[in-house]
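As the structure is a computational prediction, the values presented were derived from the model and not from experiment. Just so you know, these numbers use all the heavy atoms, side chains as well, and skip hydrogens, waters and symmetry mates. A, B, ... follow the sequence lines: proteins, then strands. Residue 1 opens every chain.
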There are 2 protein chains.
Amino acid sequence: MAKLPSDIILNGCCIEEMKKLPDECVDVVFADPPYNLQLKDDLTRPDQSRVDGVTNDWDQFESFRAYDEFTRAWLSEAQRVLKKNGSLWVIGSYHNIFRLGTAVQDLGFWIQNDVVWVKSNPMPNFRGTRFTNAHETLIWAAKSPKGRPTFNYHSLKAANEDVQMRSDWTLPLCTGAERLKKLGAKVHPTQKPEALLHRILTATSEPGDVVLDPFFGTGTTGAVAKRLGRRYIGIERDGTYIQAAAERIAAVNRPKNEKDLAPIPAPRKAPRVGFGQVVEAGMLRPGTTLRCAKGKHRARVKADGSLAAELIEGSIHKVGATLQNAPSCNGWTFWHYERAKGSYAPIDELRQAIRARPS
Amino acid sequence: MAKLPSDIILNGCCIEEMKKLPDECVDVVFADPPYNLQLKDDLTRPDQSRVDGVTNDWDQFESFRAYDEFTRAWLSEAQRVLKKNGSLWVIGSYHNIFRLGTAVQDLGFWIQNDVVWVKSNPMPNFRGTRFTNAHETLIWAAKSPKGRPTFNYHSLKAANEDVQMRSDWTLPLCTGAERLKKLGAKVHPTQKPEALLHRILTATSEPGDVVLDPFFGTGTTGAVAKRLGRRYIGIERDGTYIQAAAERIAAVNRPKNEKDLAPIPAPRKAPRVGFGQVVEAGMLRPGTTLRCAKGKHRARVKADGSLAAELIEGSIHKVGATLQNAPSCNGWTFWHYERAKGSYAPIDELRQAIRARPS
DNA sequence: CATGCCACTGAATCTGTAC
DNA sequence: GGTACAGATTCAGTGGCAT
């Protein structure tokens with residue numbers, strides 16, 4: 001197979017351009033599609049025919065239908081090019097997010113979360129007839145119910161005062177120096193803040209991953225991808241936007257040190273160590289008594305790396321679960337050994353010592 | 001025309017019961033329909049306790065298509081009975097809100113706002129696989145594009161420290177004494193907080209208005225309507241819920257004085273700021289070296305908002321604590337960055353800058 | 001009576017690998 | 001594909017009870 005092009009901007013309709021890409025070749029799709037539901041003038045059907053102005057119910061239905069057709073067309077291609085364990089992100093407001101979400105579900109994506117971008121500095125409602133429109137909605141979905149997207153849980157938690165990252169993200173609009181301008185006018189009407197893409201990409205991708213943005217605009221996705229050591233493929237119809245995006249991304253520095261980009265490793269991915277290895281290594285002798293943190297439960301270490309309690313024997317996990325009458329148990333943190341006279345520590349310490357040994 | 005019955009609970013299917021009501025007879029419809037959750041297995045907390053999920057029959061649907069058909073049927077009736085300038089409110093989560101929103105638009109309602117109920121105390125994600133599901137979404141819509149729903153802009157603004165009420169509402173879950181229980185068990189799995197209905201009804205209805213709730217459950221809508229001097233029509237299939245609702249509403253006092261109907265103040269807690277936001281905002285680039293006040297300890301900023309020192313990585317707090325061999329550490333005051341050549345300042349400055357951003 | 005500790009709980013599409 | 005099993009994983013708040 002030819003090498004997948006990346007770190008490029010393709011000029012054209014996103015549906016046509018995606019069709020040229022092979023199956024399952026990108027790790028993340030981020031899409032900020034046009035809203036256009038009210039501004040019927042520039043809404044076109046997938047076949048490029050125009051939708052007429054809207055005044056009555058039939059036309060309204062017709063325009064929703066055209067938007068839905070367009071949505072399903074590009075989402076289908078996005079699904080095809082997305083890897084099995086890839087992530088789809090779409091963003092929208094109440095004008096279009098319900099159409100997007102319904103299409104995402106109907107096509108068989110599996111929603112992981114919806115996320116609200118709460119704007120710390122939204123535009124006020126000048127007429128006083130509605131609530132200040134202070135948020136937009138993102139949908140994070142897997143390619144299918146079986147997909148297992150990357151999720152850097154521990155990174156997010158560490159970055160969030162050591163509590164889980166929630167589904168509401170408070171971030172400012174894209175303003176100031178970050179906002180691209182030309183002759184004093186903004187280049188793109190809905191440029192997204194880099195902080196938003198930063199969080200999305202650190203959460204659901206890894207360095208080296210390929211991020212596809214079918215509505216590239218002025219290239220926020222590309223700029224953040226480059227800064228975070230990800231690769232990008234942008235698709236955009238408008239030449240003005242492409243030029244602005246290209247200049248912008250060229251000015252971004254790639255990170256010097258790969259280590260600064262790596263997410264905190266997930267304990268689940270650490271090499272597997274069996275309790276038998278602890279016994280083999282002589283860290284615990286057969287016959288040693290282990291106890292739970294409070295000393296309520298006890299069991300003896302057996303030479304084969306299993307545990308024996310009064311009426312039961314088996315793995316450190318099984319025995320712990322049975323004694324507690326629980327469906328499961330992490331024996332590594334449940335069982336403690338006497339590290340010094342009267343001082344107990346979880347046997348997970350011993351596992352860590354084995355993992356730290358040079359291999 | 002016969003006088004419209006009100007302050008009653010109708011026992012039956014909401015579609016059938018609504019069909020018995022005349023056209024354009026209610027001012028507000030508030031609907032909290034089944035979410036169509038698809039829970040496969042039991043879920044346990046890390047302490048092995050079981051999560052009491054929503055497994056009721058009424059929440060089960062065969063398919064998206066069946067759910068959509070049901071949705072369109074009850075929404076059509078709701079639209080018919082709604083007055084020309086009435087308000088529709090629906091609430092849901094990512095499982096169903098996109099279906100609801102699409103149906104609302106297709107039927108010709110006109111969305112005024114979507115509103116997010118940000119939960120101050122949501123249930124965490126116990127497996128570390130997703131973002132904490134910390135919000136639900138409401139849709140506020142007019143009967144048609146020509147509808148002009150009641151909107152008490154000035155009371156909301158007065159209740160919100162004289163700034164416009166926004167589309168994100170931070171409110172706690174329904175817990176404590178407000179939560180209806182019977183023999184220690186919750187009567188209804190998804191009872192909504194009264195504060196939520198309070199804000200909805202003070203915003204988009206007037207005293208004396210009729211509020212229809214086709215999924216009445218244990219009657220939060222009725223209780224708040226009565227307290228606020230509105231009338232209500234509840235529809236509910238389940239006799240147990242109806243009985244609980246009736247008792248509950250009977251215990252609510254109607255207001256003696258119209259002047260007492262002022263809206264509740266909007267609680268606004270300062271949002272938590274994580275170190276990740278500092279990195280996302282571009283205030284510190286990945287690879288930047290931080291040091292403690294005396295320069296003894298150093299660590300590098302990572303792109304994901306964690307810190308990396310020689311042998312350890314984690315949050316600013318964890319890394320600071322480990323390096324000092326202390327049980328805990330306030331990373332915001334411990335770590336310093338080079339603000340100017342040779343001049344260091346605590347990173348707490350950067351947090352303050354984020355907090356100072358307009359909200 | 002104040003304080004601290006422990007138990008309990010909430011609309012949840014909540015694992016990964018080997019055999 | 002199904003089964004078995006190792007083992008990773010929680011925040012804000014309420015309420016009861018002991019000290």
Q: With a 4.0 Å heavy-atom cut-off, tell me which residues in residues 306-333 of chain A come close to DNA chain D, sorted by residue number.
A: A:Ser315, A:His317, A:Lys318, A:Ser328, A:Cys329, A:Asn330, A:Trp332
Q: Report which part of the nucleic acid A:Arg351 touches: base, sugar-phosphate, or nothing (heavy-atom distance under 4.0 Å, all strands).
A: sugar-phosphate
Q. When all nucleic acid strands are considered with a 4.0 Å heavy-atom cut-off, which category describes B:Pro193: base, sugar-phosphate, or nothing?
A. nothing
All N/O contacts under 3.5 Å from nucleotides 15-19 of chain D to the protein, with atom names and distances to one decimal?
none

Q: Could you measure between the two C1' atoms, the one in D:dA18 and the one in C:dC1, and give it in whole Å?
A: 14 Å
(Q) Using a 3.5 Å limit on both distances, find every run of at least three consecutive Watson-Crick or G-U pairs that involves DNA chain C. (A) C:2-10 with D:11-19, C:15-19 with D:2-6
Q.
Just to be sure I understand the rule, does B:Ser93 reach a base, reach only the sugar-phosphate, or reach nothing, if contact means heavy atoms closer than 4.0 Å?
A. nothing
Q. Taking only residues two or more places apart in sequence, or in another chain, which ones meet B:Phe216 in a ring pair (Phe, Tyr, Trp, His ring centres under 6.0 Å)?
A. B:Tyr232
Q: Measure from the side chain of B:Lys186, starting at C-beta and using heavy atoms only, and say which of C:dA12, C:dA11, C:dG10 lies closest.
A: C:dG10
**Q.** OP1 or OP2 of C:dG10 under 4.0 Å from side-chain N/O of B:Lys119
**A.** no
Q: Look at the side chain of A:Lys143 and the backbone N and O of A:Leu82, then say whether any donor-acceptor pair between them is shorter than 3.5 Å.
A: yes
Q) Taking only residues two or more places apart in sequence, or in another chain, which ones meet B:Thr220 in a side chain to side chain donor-acceptor pair (under 3.5 Å)? A) B:Arg248
Q) What pairs with B:His188 under ring pair (Phe, Tyr, Trp, His ring centres under 6.0 Å), at least two apart in sequence or on another chain? A) B:Trp58, B:Tyr241
Q) Does atom CZ of B:Arg351 have more than 12 heavy-atom neighbours, drawn from other residues, nucleotides or ligands, at distances under 6.0 Å? A) yes
Q: Kindly state each residue pair satisfying side-chain hydrogen bond (donor to acceptor under 3.5 Å, both in side chains) with at least one member in residues 297-322 of chain A, sequence neighbours excluded.
A: A:Lys302-A:Glu313, A:Asp304-A:Ser306
Is there any protein nitrogen or oxygen under 3.5 Å from a nitrogen or oxygen in nucleotides 14-17 of chain C, and what are the pairs?
{"residue": "C:dC14", "atom": "O4'", "partner": "B:Thr129", "partner atom": "OG1", "Å": "3.2"}
{"residue": "C:dC14", "atom": "O2", "partner": "B:Asn125", "partner atom": "OD1", "Å": "3.4"}
{"residue": "C:dC14", "atom": "O2", "partner": "B:Phe126", "partner atom": "N", "Å": "3.1"}
{"residue": "C:dC14", "atom": "O2", "partner": "B:Arg127", "partner atom": "N", "Å": "2.6"}
{"residue": "C:dC14", "atom": "N3", "partner": "B:Phe126", "partner atom": "N", "Å": "3.1"}
{"residue": "C:dG16", "atom": "OP2", "partner": "A:Arg148", "partner atom": "NE", "Å": "2.7"}

Q.
Once side chain to side chain donor-acceptor pair (under 3.5 Å) is applied, do any residues pair with B:Lys192, and if so which ones, sequence neighbours excluded?
A. B:Asp32
Q. Partners of A:Tyr153 by ring pair (Phe, Tyr, Trp, His ring centres under 6.0 Å), sequence neighbours excluded?
A. none
Q | Residues B:Gln277 and A:Arg199: side-chain donor-acceptor under 3.5 angstrom | A | no
Q | Residue met sooner reading DNA chain C from 5', once B:Asn121 and A:Asn113 are mapped to nucleotides | A | B:Asn121
Q: In whole angstrom, give me the gap between the C1' atoms of C:dG16 and D:dG1.
A: 16 Å
Q. Which part of the nucleic acid, if any, lies within reach of A:His154 when heavy atoms closer than 4.0 Å are counted: base, sugar-phosphate only, or nothing?
A. sugar-phosphate
Q. Which part of the nucleic acid, if any, lies within contact of B:Asp32, taking any heavy atom under 4.0 Å across all strands shown: a base, the sugar-phosphate backbone alone, or nothing?
A. base
Q. Are B:Phe61 and B:Phe70 close enough that their ring centers fall under 6.0 Å?
A. yes
Q. Thinking salt bridges, do B:Arg237 and B:Asp57 make one under a 4.0 Å N-O criterion?
A. no
Q | Length of the CG-C1' vector between B:Leu138 and C:dA11, whole Å | A | 13 Å
Q. Using the P atom in both, what is the distance from C:dA11 to D:dG7, to the nearest Å?
A. 34 Å
Q) Can you check the B:Asp47 CG to D:dA8 C1' distance for me, whole Å? A) 14 Å
Q) B:Lys192 NZ to C:dG10 C1': how many Å, rounded? A) 11 Å
**Q.** Integer-rounded Å distance: C:dA12 C1' and B:Arg50 CZ
**A.** 13 Å
Q: Calculate, to the nearest 0.5 Å, the distance between atoms CG and CG belonging to A:Leu107 and A:Leu75 respectively.
A: 6.0 Å
(Q) Does this structure show an ion pair linking B:Arg45 with B:Asp47, if we count only N-O contacts that are shorter than 4.0 Å? (A) no
Q | A:Asp168 bridged to B:Lys119 by N-O distance under 4.0 Å | A | no
**Q.** SB check A:Lys84 A:Glu24 (cutoff 4.0 Å)
**A.** no
Q: Would you confirm whether the ring centroid of A:Phe275 sits within less than 6.0 angstrom of the ring centroid of A:Trp335?
A: no
Q. Got a sec? Which of residues 68-75 of chain B come in under 4.0 Å of DNA chain D, heavy atoms?
A. none
Q: Tell me, please, which residues at least two apart from A:Phe151 pass ring pair (Phe, Tyr, Trp, His ring centres under 6.0 Å).
A: A:Trp140, B:Phe131
Q) If we take the C1' atom in both D:dT10 and C:dG10, what is their distance in whole Å? A) 12 Å
Q | B:Leu196: which of B:Val115, B:Thr221, B:Leu138 passes side-chain contact (heavy atoms from CB on, under 4.5 Å) | A | B:Leu138
Q) D:dT10 phosphate, OP1 or OP2: any side-chain N/O from A:Lys157 under 4.0 angstrom? A) yes
Q: Using the P atoms only, state how far C:dT9 lies from D:dA8, rounded to an integer number of Å.
A: 27 Å
Q: Ignoring hydrogens and angles, state whether a donor on the side chain of A:Asn160 or A:Gln164 is under 3.5 Å from an acceptor on the partner side chain.
A: no
Q.
Under 4.0 Å, counting only non-hydrogen atoms across every strand here, what does A:Pro145 touch: a base, just sugar-phosphate, or nothing?
A. nothing
(Q) Classify A:Val163 by what it touches in the nucleic acid, base, sugar-phosphate, or nothing, heavy-atom distance under 4.0 Å. (A) sugar-phosphate
Q. What is the distance, rounded to the nearest whole Å, between atom NZ of A:Lys296 and atom P of C:dC6?
A. 14 Å
Q) Of B:Asn36 and A:Lys294, whose nearest nucleotide on DNA chain C comes first from the 5' end? A) A:Lys294
Q | Distance, P atom - from D:dC5 to C:dA12, rounded to whole angstrom | A | 31 Å
Q) Rounded to the nearest Å, what distance is computed from the OH atom of residue B:Tyr241 to the P atom of nucleotide C:dA11? A) 13 Å
(Q) Could you tell me how far apart B:Lys181 (NZ) and C:dT9 (P) are, to the nearest whole angstrom? (A) 7 Å
Q. Atom CG of A:Leu156 to atom P of D:dT9: distance rounded to whole Å?
A. 14 Å
